[in-house]
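Data first, discussion second: the structure below is written as structure tokens.
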Amino acid sequence: MPTPLATAHHRPQYWLMKSEPNECSIDDALAAPDATVPWTGVRNYQARNFMRDAMQVGDSVLFYHSSCPQPGIAGIARVASGTRPDPTQFDPASPYFDPRSAPEKPRWLLLDVQALRKTRLLALAELRAHPALAQMRVLQRANRLSITPVEPAEWDAILAALADPASAVA
DNA sequence: GCCAACGTTGGC
DNA sequence: GCCAACGTTGGC
């Protein structure tokens, strides 16, 4: 799906990025130097194009834990660099190795993500139950994109839910 | 481990 | 360029 990029005013500035916590959890990201990790392993063209064409340094990121016992939003982060080739595509020992990609013509990109803080886990079920998030991209059925834009109103609703201890599940 | 959904591949 | 087969994602 094309993203409107014609004017800076309409460029998405909020994103949700999925990470498998047994690969890189919010704690892992916070423990990294400068709390910054290279976002390796994106192997989907749409997600790559978001990084390449739309995401900019300073954009806000919901750090989402996926493929784990407790999927949901686990922290807040920011885009910390522009894109560069993802070195794992050239590494035969990496699970992200892509034999069809050549260093002189890299197929896959990454950017740096800086973790800002850990939040309480805003579980997937809680996201689904929130009326303001009904249209949220990541909640649409069978969404497999690892990077999705987040609407400003959705961002606000999520931050409000994160800040509201009454809505926290013990 | 199951399986629905969807992206990618490759034969034609 | 079609489309069936295949692989992957990711919640459950």
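In what follows, chains are A, B, ... by sequence order, proteins preceding strands, each numbered from 1. Values below: all heavy atoms of this structure, side chains included; hydrogens, waters and symmetry mates excluded. Given the structure is predicted, the values throughout are model-derived calculations rather than measurements.
- A:Tyr96 has its OH atom 12 Å from the C1' atom of C:dT8, to the nearest Å.
- Between A:Leu127 atom CG and C:dG11 atom P there is a gap of 11 Å when expressed in whole angstrom units.
- Going from atom CD of A:Glu23 over to atom P of C:dG10 covers 11 Å, rounded to whole Å.
- Between the CG atom of A:Asn143 and the P atom of C:dG10 there is a distance of 8 Å, rounded to whole Å.
- Taking 4.0 angstrom as the limit, A:Tyr64 places none of its side-chain polar atoms (N or O) nearer than this to OP1 or OP2 of C:dT9.
- A distance of 6.0 Å or more separates the ring centres of A:Phe97 and A:Trp108.
- A:Arg48 and A:Asp86 are not joined by a salt bridge, as no carboxylate oxygen comes within less than 4.0 angstrom of a charged side-chain nitrogen.
- The stretch residues 21-40 of chain A participates, sequence neighbours left out, in these side-chain hydrogen bond (donor to acceptor under 3.5 Å, both in side chains) pairs: A:Glu23-A:Tyr96, A:Ser25-A:Asp28, A:Asp27-A:Lys118.
- In this structure, A:Arg43 reaches neither bases nor backbone, as no heavy-atom distance under 4.0 Å exists between it and the strands shown.
- The CZ atom of A:Phe50 sits 6.0 Å away from atom CG of A:Leu145, with the distance rounded to the nearest 0.5 Å.
- The interatomic distance linking A:Arg128 (CZ) with C:dG11 (C1') rounds to 8 Å, in whole Å.
- For the pair A:Ile147 CD1 and C:dT9 C1', the interatomic distance rounds to 15 Å; values are reported in whole Å.
- Among all heavy-atom pairs drawn from A:Met17 and A:Ile147, the shortest one is CE-CD1, 3.9 Å.
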Please write out the pairs of protein N or O atoms and N or O atoms of nucleotides 5-7 of chain C separated by less than 3.5 Å, giving the distance to one decimal.
from  : atom 1 : to       : atom 2 : distance (Å)
C:dG7 : N2     : A:Arg144 : NH2    : 3.3

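- Under the 3.5 Å distance criterion, with hydrogens and angles disregarded, a donor-acceptor pair is assigned to the side chains of A:Ser101 and A:Gln89.
- In this structure, A:Glu20 places its CD atom 7 Å from P of C:dG10, rounding to the nearest Å.
- Atom-to-atom, CG of A:Asn22 to C1' of C:dT9 comes out at 14 Å; the value is rounded to the nearest Å.
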